[in-house]
Amino acid sequence: MFSFKSEPIMPTFALVDCNNFYASCERVFEPRLVGRPIVVLSNNDGCVVARSKEAKLLGIAMGVPLFHVREIIKKHGVVVRSSNYALYGDMSERVMNILSAAAPGHEIYSIDEIFLDIERLPVPDLGEWCRQLRQRVQQWTGIPVSIGVGQTKTLSKVANKLAKATSDDDGVFIFTPEVAENCLHETEVGDVWGIGRRWSKMLNSRDIITALDLRNLQDGWVRQRMGIIGLRTVHELRGISCHDLETVTPDKQTTCCSRTFARASSDRDQVQSAVLSYAERAVEKIRYAGQVCRVVQVFIRTDRYDTDIAPYSISALEALMTPTADSRAVVAAALRVFDRIWKGGVPYRKAGVLLLELSSSQDVMPSLFDDRINGSDQLMKAIDKMNSRFGRGSIGLGLSPKSAKWRMRQEHLSPRYTTRWADIPHAQIE
DNA sequence: TCTGGGGTCCTAGGACCC
DNA sequence: TCTGGGGTCCTAGGACCC
């Protein structure tokens with residue numbers, strides 16, 4: 001008889017997550033904000049989308065509307081900032097460059113998170129390696145990060161949450177089978193990656209409170225109530241990896257540009273000009289990604305929070321003859337769709353344009369019947385170049401009046417320190 | 001008389017993520 | 001006064017075909 005010695009289960013994934021990323025970015029260039037409560041707002045300055053530790057301690061919840069926390073902000077002198085994506089995107093790139101160079105494989109998961117493949121990392125002390133990596137990012141970019149290590153992506157997420165609790169000193173947590181039961185018992189089921197509000201509520205109502213409870217459920221029960229996705233999550237909690245590292249970023253399948261208006265509008269011209277400007281912005285995005293689209297979808301809707309009005313939402317789409325990234329073709333299609341769905345007398349609050357069936361612009365077969373796009377590439381390149389040099393919206397199709405009331409509200413915007421010459425920080429020497 | 005059933009494609013909606 | 005934006009994946013149900 002052979003005797004099989006079971007292989008020791010080795011940790012595989014490290015999840016590195018920037019602490020309070022947007023708030024930390026604001027602090028890098030404005031050190032006086034260190035130690036003060038900061039919140040960063042969504043587009044339109046509507047909701048709180050990021051909070052510093054101090055702001056969290058004041059009880060400001062994630063996603064609350066700004067007007068709900070006005071009192072707290074006033075009373076405690078909370079610093080308020082509009083989202084500055086030019087700054088956050090650039091800072092993210094710097095952090096990711098450092099982290100991705102440190103491991104044999106990586107997956108950038110979001111603007112502030114990256115999974116590292118550390119299964120075969122030849123280091124004697126993994127904890128020490130993590131602490132040094134963390135130190136390096138802090139020193140080179142000014143951004144604090146936390147690192148969680150586990151056998152699956154889901155467990156590395158659990159570990160990361162535990163690491164955050166110690167982010168003032170250590171900021172590193174390694175999830176091992178020895179500590180599994182304890183760690184999962186201390187983790188609320190709703191804090192598990194993949195368990196959102198709905199499932200959390202459903203599970204709690206059945207007395208499944210912790211990640212450990214979830215891990216111990218029977219497969220059939222989970223499959224029936226939470227589908228294949230829920231089952232994968234449960235397996236991952238048991239240390240069975242179901243989500244591989246995605247080292248190549250797959251091309252996007254859809255791109256969308258949508259906005260909530262500052263106030264509802266029934267004015268046809270106003271809503272139309274909003275829709276057309278979203279179409280123009282969406283097509284810019286796919287050009288930047290080297291893609292073309294075949295289908296253009298437009299939607300307009302009322303305010304879904306306003307209980308005084310009848311909810312109304314409509315969308316429609318149009319397939320183009322040739323896949324394209326030409327602003328003129330896409331905007332014209334958006335206009336035709338808009339004309340089809342427009343209905344007067346409705347207080348519209350939100351609109352958007354989706355570009356669907358995206359593909360690489362290199363794979364396009366030109367159509368015999370569509371001769372409009374001759375010279376398209378050069379024209380679009382020229383437009384993009386001018387906009388990148390002189391600022392977005394410098395040149396376009398002449399359809400977006402600047403004063404329209406759907407324009408985005410950004411009353412607390414910080415400078416674009418790292419991506420705009422005029423905003424470069426000044427150092428003062430005394 | 002008998003009112004099937006399986007396959008595919010599409011769409012809308014629901015769940016999740018950051 | 002005031003409630004984000006941009007994605008992915010899965011599933012259920014309808015239309016259609018044989």
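Chain A is the first sequence line, chain B the second, and so forth, proteins listed ahead of strands; every chain is numbered from 1. Computed from a prediction, not measured in an experiment: that's the story for all the values here.
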Would you please confirm or rule out a distance under 4.0 Å between OP1 or OP2 of [N] and any side-chain N or O of [X]?
X: R259(A); N: dG6(C); value: yes
X: R232(A); N: dC10(C); value: yes
X: K252(A); N: dG6(C); value: no
X: Y22(A); N: dG4(C); value: no
X: S258(A); N: dG6(C); value: yes
X: S83(A); N: dG4(C); value: no
X: T260(A); N: dT3(C); value: no
X: R223(A); N: dT11(C); value: yes
X: K157(A); N: dC17(B); value: no
X: T255(A); N: dG6(C); value: no

Under 4.0 angstrom, heavy atoms only, what part of the nucleic acid is [X] near: base, sugar-phosphate, or nothing?
X: I111(A); value: nothing
X: R225(A); value: nothing
X: L66(A); value: nothing

Starting from [atom2] on [N], measure out to [atom1] on [X] and report it in whole angstrom.
X: N19(A); N: dC18(B); atom1: CG; atom2: C1'; answer: 16 Å
X: R263(A); N: dT1(C); atom1: CZ; atom2: P; answer: 12 Å
X: F299(A); N: dG5(C); atom1: CZ; atom2: P; answer: 9 Å
X: R198(A); N: dG14(B); atom1: CZ; atom2: P; answer: 8 Å
X: F261(A); N: dT1(C); atom1: CZ; atom2: P; answer: 21 Å
X: I229(A); N: dC17(B); atom1: CD1; atom2: C1'; answer: 11 Å
X: E236(A); N: dC16(B); atom1: CD; atom2: P; answer: 17 Å
X: I286(A); N: dG6(C); atom1: CD1; atom2: C1'; answer: 15 Å

Measuring only the C1' atom in each nucleotide, how far is dG4(B) from dC17(C)? A whole number of Å is fine. 14 Å
With DNA chain C as reference, determine whether C256(A) or D303(A) sits nearer its 5' end, using the nearest nucleotide of each.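 It is D303(A) whose nearest nucleotide is closer to the 5' end.
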DNA chain C: 5'-proximal contact among R304(A) and I228(A) (nearest heavy atom):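 It is R304(A), whose closest nucleotide lies nearer the 5' terminus.
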Ring center gap for Y348(A) and F299(A) short of 6.0 angstrom: no
Pairing of [X] and [Y] as salt bridge, 4.0 angstrom limit:
X: E284(A); Y: R287(A); result: no
X: E54(A); Y: R27(A); result: yes
X: R215(A); Y: E181(A); result: yes
X: D170(A); Y: R131(A); result: yes

Mate of dC16(C) where both pairing distances stay under 3.5 Å, Watson-Crick or G-U: dG7(B)
Could you check whether the rings of F115(A) and Y109(A) sit parallel, tilted or perpendicular, using 30° and 60° as the cut-offs? perpendicular
Please determine, for the side chain of Y85(A), which listed nucleotide (dG4(C), dT3(C), dG7(C)) has the closest atom?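 Nearest nucleotide to the side chain: dG4(C).
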